[in-house]
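Treat the numbers as computed from the prediction; the structure is a model and nothing was measured. All chains are named by letter (A, B, ...) in the order of the sequence lines, taking the proteins before the strands, and each is independently numbered beginning at 1.
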Protein chains: 2
Amino acid sequence: MASNAPAHDWREAKRRSAREAIVEAAWELVAEEGLAGLSIRELAKRAGITTPTVYAYFDSKHAIYDAMFGQAAEEFVDLMWSPYGTDDPEQELRIGVRRFLDYCTSNVPRYQLLFQRTIPGFEPSPESFAHSLRSYEHLLKRLKGIGVTDQRLVDMWTAMSTGLVDQQISNDPGGDRWSRLIDDFVDMFLAYARTQGTSATAKSKPTKRRART
Amino acid sequence: MASNAPAHDWREAKRRSAREAIVEAAWELVAEEGLAGLSIRELAKRAGITTPTVYAYFDSKHAIYDAMFGQAAEEFVDLMWSPYGTDDPEQELRIGVRRFLDYCTSNVPRYQLLFQRTIPGFEPSPESFAHSLRSYEHLLKRLKGIGVTDQRLVDMWTAMSTGLVDQQISNDPGGDRWSRLIDDFVDMFLAYARTQGTSATAKSKPTKRRART
DNA sequence: GTCTATAGCTGGATAGAC
DNA sequence: GTCTATCCAGCTATAGAC
C-alpha cells in the first residue's frame with residue numbers, strides 16, 4: 001500500500017516510525033490502565049506529543065486499537081509460523097500451544113484485544129484481521145500433522161487452549177496453576193482424538209494429504 | 001445486618017424492593033450497552049428516578065456492580081444446587097455443565113461480571129463472593145461423585161468448561177458451535193480421568209466419603 | 001427520599017495560528 | 001505536523017430546597 005513511490009521513501013518511513021512510537025506508548029498505557037483505559041490525552045502525554053498530533057497519525061481511537069491489533073496479530077502469526085525445531089508433529093503441537101499460552105498470559109490486554117470482544121464497537125480492519133486468519137491456518141496445519149481434521153475436534157482444541165488461558169488469567173494471574181497443565185491437556189486430547197477415527201499420532205497411518213488448490 | 005428490628009419491617013422491605021428495581025434496570029442497561037456501559041444517569045432514567053435518588057440506595061457505581069454480582073451469584077448457586085432429577089453421578093455432571101454453559105451464554109455481561117475481571121478496580125464484597133464459593137463447592141461435590149478429587153483434574157475441568165463458554169461467546173455468539181460439544185467434552189474428560197487413578201465412573205469402586213467438619 | 005441544579009472532571013475530537 | 005486553546009458531550013457525585 002502506497003508502495004511504488006520511489007522518491008520520498010524517507011517520508012513514509014518517518015511517518016511510520018512516528019506511528020509506531022505512538023502505538024508503543026499505547027501498549028505501555030494499556031498495560032497499566034487496562035485495555036479500556038486507553039485515553040488519547042494520556043497517550044499523547046506519554047508519547048511526548050500533544051493530543052492533536054495523535055490525530056495527525058490516527059483518525060480515531062478505534063484506529064489506534066486497530067493498529068495495535070494489526071501489530072500484535074502480525075507478531076503472533078510470525079511466532080506461530082517460526083520454526084519448531086522438531087519433525088515430530090505431536091511435539092510441534094505441544095510447542096505450539098505453549099507458545100500460544102505464553103503469548104496470551106504475558107500480556108493480558110493484548111490477549112483481550114486479539115482474542116476477546118472486550119472493546120464495545122471495535123472490529124479489526126480486514127488487513128489487521130488477515131493475520132489472525134493465517135494463525136488459524138497454522139493451527140489447522142499442526143492439527144492435521146497429528147491426523148486431526150474434523151472441525152469438531154478443531155473446535156474442541158481451541159476451546160481447551162482458550163480455557164487454559166482464561167482460567168490462568170482470571171484465577172491465578174502471574175502464576176502457573178493452569179499453564180502447568182498443558183501437557184495433561186494435550187495427553188487428554190490426543191487420547192480422545194484417537195478414539196474418534198483420526199490417526200492422532202504417528203503410530204497410526206499418516207493422514208492422506210489433499211493437495212491445496 | 002440491621003436485622004432484629006421487629007417493627008418497621010415494612011420499611012426494610014420497601015427499601016429492598018426499591019434497590020431491587022434499580023438493580024433490575026441496571027441489568028437491562030448492561031444487556032444493551034455492555035457491562036462497562038453502565039451509567040448512573042441512564043440507569044436512573046430507566047428506573048424512573050433521578051440520579052441523586054440512586055445514591056440514596058447505593059454509595060457508588062461499584063456498589064451497584066456488587067449488588068448485581070451478589071444477586072447473580074446467589075441465583076447461580078441456587079441453580080447449581082437445585083435437584084438434578086437423577087442418581088447417576090455422571091448424568092449429574094453432564095447436567096451441571098449444561099446448566100453452567102446455558103447460564104453463562106444466555107447473559108454475557110452477567111458472565112463477565114461473575115467470572116471474569118473486566119471492570120477495572122471492581123472486587124465483589126465478601127458477602128457477594130461467598131455465593132461463588134458455594135457454587136464451587138457444589139462443583140467439587142459433583143466431581144467427587146464420579147470419583148474425581150485430584151485438584152489438577154478439577155482445574156482441568158474448570159478450564160474446559162470456561163473454554164467452551166468463552167469460545168461460544170467470542171466466536172459464535174447466539175449459536176451453538178461450541179455448546180453442542182458438551183457431551184464430547186465430558187466423554188473426553190471422563191476417559192482421561194479414568195487413566196489418572198480415580199474411579200471416574202460408577203463401575204469402579206465408589207469414592208470413600210470423608211465426613212465434613 | 002426525592003427532587004432541581006450543578007460542581008468538577010475527563011473524555012474524544014477540532015479550529016486555527018505557526 | 002505541531003502546537004495552544006477550546007468545544008462539547010459525557011461521566012460520578014453532591015449541595016441544598018422541599
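A distance of 10.5 Å separates CZ in B/Arg110 from CE in B/Met68, rounded to the nearest 0.5 Å. For the atom pair B/Met156 CE and B/Leu153 CG, the distance stands at 6.5 Å (nearest 0.5 Å). Atom NZ of A/Lys61 sits about 14.5 Å away from atom CG of A/Asp66, to the nearest 0.5 Å.
Not one N or O on the side chain of A/Ser170 forms a donor-acceptor pair closer than 3.5 Å with the backbone of A/Gln167.
Shown for residues 116-124 of chain B: no residue has heavy atoms falling under 4.0 angstrom of DNA chain C. For the segment residues 42-54 of chain A, the set of residues with a heavy atom within less than 4.0 Å of an atom of DNA chain D comprises A/Ile49, A/Thr50, A/Pro52, A/Thr53, in numerical order. Within residues 19-40 of chain A, the residues having any heavy atom under 4.0 Å from DNA chain C are, by residue number, A/Leu38, A/Ser39, A/Ile40.
B/Tyr84 carries B/Arg99 over the face of its six-membered ring, with the cationic atom under 6.0 Å from the centre and within 45° of the normal. Cation-pi geometry between B/Arg134 and B/Phe76 is not met: the NZ or CZ atom fails to fall both under 6.0 Å from the ring centre and inside 45° of the normal.
Between D/dT2, C/dG12, C/dT6, one nucleotide has an atom nearer to the side chain of B/Arg41 than all others, and that is C/dT6. Closest to the side chain of B/Tyr57, out of C/dT14, C/dT2, D/dT12, is C/dT2.
Residue B/Lys61 contributes atom NZ, which lies 15 Å from atom P of D/dG10 at whole-angstrom precision. Atom-to-atom, NE2 of B/His62 to C1' of D/dT12 comes out at 12 Å; the value is rounded to the nearest Å. In this structure, the NZ atom of B/Lys14 is 9 Å from the C1' atom of C/dG1, given to the nearest Å. Rounded to whole Å, atom C1' of D/dC7 lies 13 Å from atom OH of A/Tyr55.
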Point to revise | Trace of the side-chain contact (heavy atoms from CB on, under 4.5 Å) decision for B/Ile64 with B/Leu38 | key: CA-CA 10 Å; B/Ile64 297 175; B/Leu38 178 62; 4.1 Å; yes
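With hydrogens and angles left out, the side-chain atoms of A/Gln116 and B/Asp166 include a donor and acceptor closer than 3.5 Å.
Using a 4.0 Å heavy-atom cutoff across all strands shown, A/Arg15 reaches sugar-phosphate atoms only and no base atom.
Taking the centre of each ring, A/His131 and A/Tyr136 stay at or above the 6.0 Å mark. Taking the six-membered ring wherever Trp is involved, the centroid distance between the rings of A/Tyr192 and B/Tyr192 does not fall below 6.0 Å.
With DNA chain D read from its 5' end, the first of the two nearest nucleotides for B/Asp59 and A/Ala56 is the one closest to A/Ala56.
Taking the charged nitrogens against the carboxylate oxygens, B/Glu42 and B/Arg46 do have a contact shorter than 4.0 Å, which makes a salt bridge.
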